[in-house]
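What follows is a set of notes on a single structure, which appears directly below.
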Amino acid sequence: MANLDHSFHALADGTRRAVLAQLSNGPASVGDLARRHHMALPSFMKHIRVLEESGLIGSKKSGRVRTCTLVPERLVAVEQWFREQRTIWESRHQNLSILLTRLQGDQS
Amino acid sequence: MKSKLRFDFLVDRRESTMTIRREYAAKRQLVWDCHTKSELLDQWFSPKPLTTKTKSMDFRDGGHWHYVMIDPSGPEYWGRMDYKKIRPIDNYTALDGFSDASGAVNPNLPRSEWNVTFSDQGTRTLVENVVSFQSAEALQKVMDMGMKEGMTSAMDRLDELLVVLVRR
(Lines give C-alpha, C1' and ligand atoms only; values in the text may rest on other atoms or scores of the structure.)
Protein backbone atom coordinates (compact mmCIF):
# COMPACT_ATOMS: atom_id res chain seq x y z
CA MET A 1 0.00 0.00 0.00
CA ALA A 2 1.49 3.30 -1.08
CA ASN A 3 1.72 5.73 1.79
CA LEU A 4 0.92 9.40 2.14
CA ASP A 5 4.56 10.39 1.87
CA HIS A 6 4.62 9.04 -1.68
CA SER A 7 1.36 10.80 -2.48
CA PHE A 8 2.69 14.14 -1.27
CA HIS A 9 5.95 13.73 -3.14
CA ALA A 10 4.00 12.91 -6.28
CA LEU A 11 1.70 15.92 -5.83
CA ALA A 12 4.55 18.34 -5.11
CA ASP A 13 5.51 18.65 -8.79
CA GLY A 14 3.63 20.76 -11.36
CA THR A 15 4.16 18.34 -14.26
CA ARG A 16 2.83 15.44 -12.23
CA ARG A 17 -0.20 17.41 -11.09
CA ALA A 18 -0.88 18.30 -14.75
CA VAL A 19 -0.65 14.61 -15.71
CA LEU A 20 -3.19 13.75 -13.00
CA ALA A 21 -5.50 16.47 -14.30
CA GLN A 22 -5.21 15.08 -17.85
CA LEU A 23 -5.86 11.54 -16.68
CA SER A 24 -8.99 12.69 -14.89
CA ASN A 25 -10.48 12.98 -18.39
CA GLY A 26 -9.68 9.33 -19.10
CA PRO A 27 -6.75 6.98 -19.75
CA ALA A 28 -3.92 8.15 -22.03
CA SER A 29 -0.72 6.68 -23.43
CA VAL A 30 2.65 7.72 -22.04
CA GLY A 31 3.62 8.98 -25.51
CA ASP A 32 0.58 11.26 -25.72
CA LEU A 33 1.14 12.61 -22.23
CA ALA A 34 4.86 13.28 -22.88
CA ARG A 35 4.14 15.15 -26.12
CA ARG A 36 1.72 17.49 -24.37
CA HIS A 37 4.46 18.42 -21.93
CA HIS A 38 7.10 18.86 -24.64
CA MET A 39 9.36 16.52 -22.74
CA ALA A 40 11.76 13.85 -23.86
CA LEU A 41 10.37 10.41 -23.10
CA PRO A 42 13.14 9.29 -20.66
CA SER A 43 12.73 12.28 -18.32
CA PHE A 44 8.96 12.08 -18.58
CA MET A 45 9.07 8.39 -17.64
CA LYS A 46 10.62 9.40 -14.30
CA HIS A 47 7.47 11.39 -13.49
CA ILE A 48 5.29 8.46 -14.51
CA ARG A 49 7.27 6.14 -12.21
CA VAL A 50 6.85 8.51 -9.24
CA LEU A 51 3.11 8.66 -9.88
CA GLU A 52 2.89 4.87 -10.12
CA GLU A 53 4.86 4.36 -6.91
CA SER A 54 2.51 6.75 -5.13
CA GLY A 55 -0.46 4.62 -6.14
CA LEU A 56 -2.13 7.65 -7.74
CA ILE A 57 -2.00 6.11 -11.23
CA GLY A 58 -1.69 2.65 -12.73
CA SER A 59 -0.30 1.69 -16.14
CA LYS A 60 -0.58 -1.26 -18.47
CA LYS A 61 1.53 -2.14 -21.46
CA SER A 62 -0.15 -3.47 -24.56
CA GLY A 63 2.26 -4.14 -27.41
CA ARG A 64 4.50 -1.09 -27.56
CA VAL A 65 2.03 1.32 -26.00
CA ARG A 66 1.88 1.96 -22.24
CA THR A 67 -1.47 3.37 -21.13
CA CYS A 68 -1.88 5.25 -17.84
CA THR A 69 -5.07 5.38 -15.77
CA LEU A 70 -5.92 7.50 -12.75
CA VAL A 71 -6.54 5.54 -9.53
CA PRO A 72 -8.98 7.93 -7.94
CA GLU A 73 -9.41 6.33 -4.50
CA ARG A 74 -5.96 7.32 -3.29
CA LEU A 75 -6.23 10.91 -4.43
CA VAL A 76 -9.74 11.23 -3.09
CA ALA A 77 -8.69 10.03 0.39
CA VAL A 78 -5.90 12.59 0.66
CA GLU A 79 -7.86 15.48 -0.77
CA GLN A 80 -10.90 14.64 1.28
CA TRP A 81 -8.93 14.81 4.50
CA PHE A 82 -7.67 18.31 3.71
CA ARG A 83 -11.15 19.36 2.64
CA GLU A 84 -12.47 18.18 6.00
CA GLN A 85 -9.76 20.10 7.79
CA ARG A 86 -10.73 23.18 5.82
CA THR A 87 -14.37 22.65 6.74
CA ILE A 88 -13.46 22.31 10.43
CA TRP A 89 -11.58 25.61 10.34
CA GLU A 90 -14.33 27.38 8.41
CA SER A 91 -16.83 26.28 11.01
CA ARG A 92 -14.57 27.34 13.88
CA HIS A 93 -14.05 30.74 12.31
CA GLN A 94 -17.74 31.20 11.76
CA ASN A 95 -18.37 30.36 15.43
CA LEU A 96 -15.68 32.79 16.55
CA SER A 97 -16.97 35.60 14.33
CA ILE A 98 -20.42 35.24 15.86
CA LEU A 99 -18.94 35.15 19.37
CA LEU A 100 -16.87 38.30 18.70
CA THR A 101 -19.93 40.15 17.43
CA ARG A 102 -21.79 39.19 20.60
CA LEU A 103 -18.91 40.17 22.90
CA GLN A 104 -18.54 43.56 21.21
CA GLY A 105 -22.28 44.10 21.52
CA ASP A 106 -22.00 43.46 25.26
CA GLN A 107 -19.33 46.14 25.60
CA SER A 108 -21.22 48.98 23.90
CA MET B 1 -19.59 48.81 2.44
CA LYS B 2 -17.30 46.56 4.42
CA SER B 3 -15.01 44.31 2.42
CA LYS B 4 -15.19 40.56 2.92
CA LEU B 5 -13.17 39.10 5.78
CA ARG B 6 -10.11 37.28 4.54
CA PHE B 7 -9.89 33.49 4.78
CA ASP B 8 -6.95 31.46 3.40
CA PHE B 9 -6.43 27.75 3.78
CA LEU B 10 -3.11 26.63 2.28
CA VAL B 11 -1.69 23.13 2.26
CA ASP B 12 2.01 22.43 1.84
CA ARG B 13 2.07 18.71 1.14
CA ARG B 14 5.84 18.43 1.04
CA GLU B 15 6.24 20.05 4.48
CA SER B 16 3.07 18.46 5.89
CA THR B 17 1.74 21.84 7.03
CA MET B 18 -1.54 23.70 6.83
CA THR B 19 -1.61 27.48 7.02
CA ILE B 20 -4.92 28.98 8.05
CA ARG B 21 -5.39 32.75 7.93
CA ARG B 22 -8.56 34.50 9.00
CA GLU B 23 -9.46 38.12 9.55
CA TYR B 24 -11.85 39.17 12.32
CA ALA B 25 -13.79 42.39 12.71
CA ALA B 26 -12.55 42.93 16.27
CA LYS B 27 -9.63 44.36 18.21
CA ARG B 28 -6.58 42.14 18.73
CA GLN B 29 -6.96 41.91 22.52
CA LEU B 30 -10.47 40.47 22.22
CA VAL B 31 -9.45 37.97 19.51
CA TRP B 32 -6.50 36.94 21.68
CA ASP B 33 -8.81 36.44 24.67
CA CYS B 34 -11.05 34.20 22.58
CA HIS B 35 -8.06 31.97 21.82
CA THR B 36 -6.61 31.87 25.31
CA LYS B 37 -9.47 31.90 27.85
CA SER B 38 -11.25 28.58 28.29
CA GLU B 39 -14.71 30.07 28.89
CA LEU B 40 -14.44 31.74 25.47
CA LEU B 41 -12.70 28.83 23.70
CA ASP B 42 -15.59 26.61 24.79
CA GLN B 43 -17.94 28.79 22.77
CA TRP B 44 -16.27 28.43 19.37
CA PHE B 45 -13.48 25.84 19.19
CA SER B 46 -15.46 22.81 18.00
CA PRO B 47 -16.79 22.74 14.45
CA LYS B 48 -20.58 22.52 14.33
CA PRO B 49 -22.48 20.50 15.39
CA LEU B 50 -19.88 19.52 18.01
CA THR B 51 -19.54 21.45 21.27
CA THR B 52 -16.49 22.04 23.48
CA LYS B 53 -16.05 21.61 27.24
CA THR B 54 -12.92 22.48 29.16
CA LYS B 55 -11.70 20.02 31.78
CA SER B 56 -8.74 22.15 32.87
CA MET B 57 -6.88 25.19 31.60
CA ASP B 58 -3.51 26.56 32.63
CA PHE B 59 -2.50 29.15 30.05
CA ARG B 60 1.22 29.72 30.56
CA ASP B 61 4.52 28.50 29.07
CA GLY B 62 4.56 24.77 29.80
CA GLY B 63 0.87 24.77 30.79
CA HIS B 64 -1.96 23.03 28.97
CA TRP B 65 -5.61 23.05 27.93
CA HIS B 66 -7.47 19.76 28.41
CA TYR B 67 -10.76 19.73 26.52
CA VAL B 68 -13.36 17.50 24.96
CA MET B 69 -15.27 17.91 21.71
CA ILE B 70 -18.71 16.37 22.02
CA ASP B 71 -20.66 15.07 19.04
CA PRO B 72 -24.42 15.38 19.72
CA SER B 73 -24.84 11.83 18.37
CA GLY B 74 -22.63 10.47 21.18
CA PRO B 75 -18.91 10.28 20.45
CA GLU B 76 -16.50 12.41 22.48
CA TYR B 77 -13.04 13.42 21.31
CA TRP B 78 -10.62 14.33 24.08
CA GLY B 79 -7.76 16.64 23.24
CA ARG B 80 -4.87 18.30 24.98
CA MET B 81 -3.00 21.40 23.89
CA ASP B 82 0.40 21.86 25.55
CA TYR B 83 1.57 25.46 25.47
CA LYS B 84 5.21 26.02 24.69
CA LYS B 85 5.87 29.76 24.32
CA ILE B 86 3.37 32.55 24.88
CA ARG B 87 3.91 36.19 23.87
CA PRO B 88 0.70 38.12 24.66
CA ILE B 89 -0.99 39.34 22.44
CA ASP B 90 1.26 38.54 19.45
CA ASN B 91 1.92 34.82 19.29
CA TYR B 92 1.75 31.44 20.98
CA THR B 93 3.09 28.01 20.08
CA ALA B 94 1.60 24.75 21.29
CA LEU B 95 1.39 21.01 20.66
CA ASP B 96 -2.13 19.71 20.00
CA GLY B 97 -2.97 16.04 20.23
CA PHE B 98 -5.47 13.38 21.20
CA SER B 99 -5.73 12.48 24.86
CA ASP B 100 -8.09 10.54 27.12
CA ALA B 101 -10.49 11.79 29.76
CA SER B 102 -7.72 11.81 32.40
CA GLY B 103 -5.57 14.08 30.23
CA ALA B 104 -2.99 11.45 29.26
CA VAL B 105 -1.78 12.11 25.73
CA ASN B 106 -2.18 9.14 23.37
CA PRO B 107 1.46 8.15 22.75
CA ASN B 108 0.59 6.27 19.55
CA LEU B 109 -0.77 9.31 17.76
CA PRO B 110 1.46 12.13 16.54
CA ARG B 111 0.76 15.64 17.71
CA SER B 112 0.66 18.71 15.51
CA GLU B 113 2.51 21.89 16.34
CA TRP B 114 0.53 25.14 16.27
CA ASN B 115 2.19 28.49 15.67
CA VAL B 116 -0.48 31.16 16.04
CA THR B 117 0.23 34.81 15.22
CA PHE B 118 -2.07 37.78 15.82
CA SER B 119 -1.61 41.08 13.96
CA ASP B 120 -3.53 44.34 13.50
CA GLN B 121 -5.13 44.99 10.11
CA GLY B 122 -6.50 48.50 10.61
CA THR B 123 -9.49 48.00 12.90
CA ARG B 124 -9.45 44.28 12.24
CA THR B 125 -7.25 41.43 13.45
CA LEU B 126 -5.53 38.81 11.32
CA VAL B 127 -4.89 35.41 12.87
CA GLU B 128 -2.41 33.11 11.15
CA ASN B 129 -2.13 29.53 12.36
CA VAL B 130 0.57 27.27 10.91
CA VAL B 131 -0.24 23.68 11.84
CA SER B 132 2.69 21.33 11.21
CA PHE B 133 3.05 17.60 11.44
CA GLN B 134 6.46 16.08 11.99
CA SER B 135 6.31 14.04 8.81
CA ALA B 136 3.96 12.73 6.16
CA GLU B 137 3.85 9.46 8.15
CA ALA B 138 2.69 11.37 11.21
CA LEU B 139 -0.06 13.02 9.19
CA GLN B 140 -1.04 9.63 7.74
CA LYS B 141 -1.57 8.26 11.27
CA VAL B 142 -3.79 11.18 12.22
CA MET B 143 -5.77 10.78 9.00
CA ASP B 144 -6.26 7.06 9.59
CA MET B 145 -7.37 7.71 13.16
CA GLY B 146 -9.89 10.33 12.06
CA MET B 147 -11.40 7.88 9.60
CA LYS B 148 -11.46 5.04 12.10
CA GLU B 149 -13.13 7.10 14.81
CA GLY B 150 -15.90 8.26 12.53
CA MET B 151 -14.80 11.88 12.63
CA THR B 152 -14.95 11.76 8.86
CA SER B 153 -18.64 11.00 8.66
CA ALA B 154 -19.43 13.76 11.16
CA MET B 155 -17.50 16.14 8.96
CA ASP B 156 -19.26 14.89 5.84
CA ARG B 157 -22.56 15.74 7.45
CA LEU B 158 -21.13 19.13 8.31
CA ASP B 159 -20.12 19.63 4.69
CA GLU B 160 -23.65 18.94 3.57
CA LEU B 161 -25.03 21.26 6.20
CA LEU B 162 -22.72 24.07 5.12
CA VAL B 163 -23.80 23.69 1.50
CA VAL B 164 -27.42 24.08 2.59
CA LEU B 165 -26.58 27.09 4.77
CA VAL B 166 -24.59 28.81 2.04
CA ARG B 167 -27.50 28.48 -0.41
CA ARG B 168 -29.84 30.29 1.94
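Chain A is the first sequence line, chain B the second, and so forth, proteins listed ahead of strands; every chain is numbered from 1. Reckoned from all heavy atoms, side chains included, excluding hydrogens, waters and symmetry mates.
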* Pick one of side chain, backbone, both or neither for A:Leu96, based on which atoms fall under 4.5 Å of a heavy atom in chain B. => both
* Asked: Okay, side chain of B:Asp120, backbone of B:Gly122: is any donor-acceptor separation there less than 3.5 Å?
  -> no
* Please confirm whether the backbone N or O of A:Asp32 pairs with a side-chain atom of A:Ser29, one donor and one acceptor, at under 3.5 Å? => yes
* Are B:His35 and B:Phe118 close enough that their ring centres sit under 6.0 Å apart? -> yes
* Asked: Which bit of B:Phe45 is near chain A, if near means a heavy-atom gap under 4.5 Å: side chain, backbone, both or neither?
  -> both
* Asked: Should the ring pair B:Phe59 and B:Tyr83 be called parallel, tilted or perpendicular, given that the plane angle runs from 0 to 90° and is split at 30 and 60?
  -> perpendicular
* Which atoms of B:Asn129 come close to chain A, meaning under 4.5 Å heavy atom to heavy atom: side chain ones, backbone ones, both, or neither? -> side chain
* Heavy atoms of other groups near B:Lys27 NZ, more than 12 under 6.0 Å -> no
* Asked: B:Leu40 versus chain A, heavy atoms under 4.5 Å apart: side chain, backbone, both or neither?
  -> both
* Does any heavy atom of chain A fall under 4.5 Å from the side chain of B:Val127, the backbone, both, or neither of them? -> neither
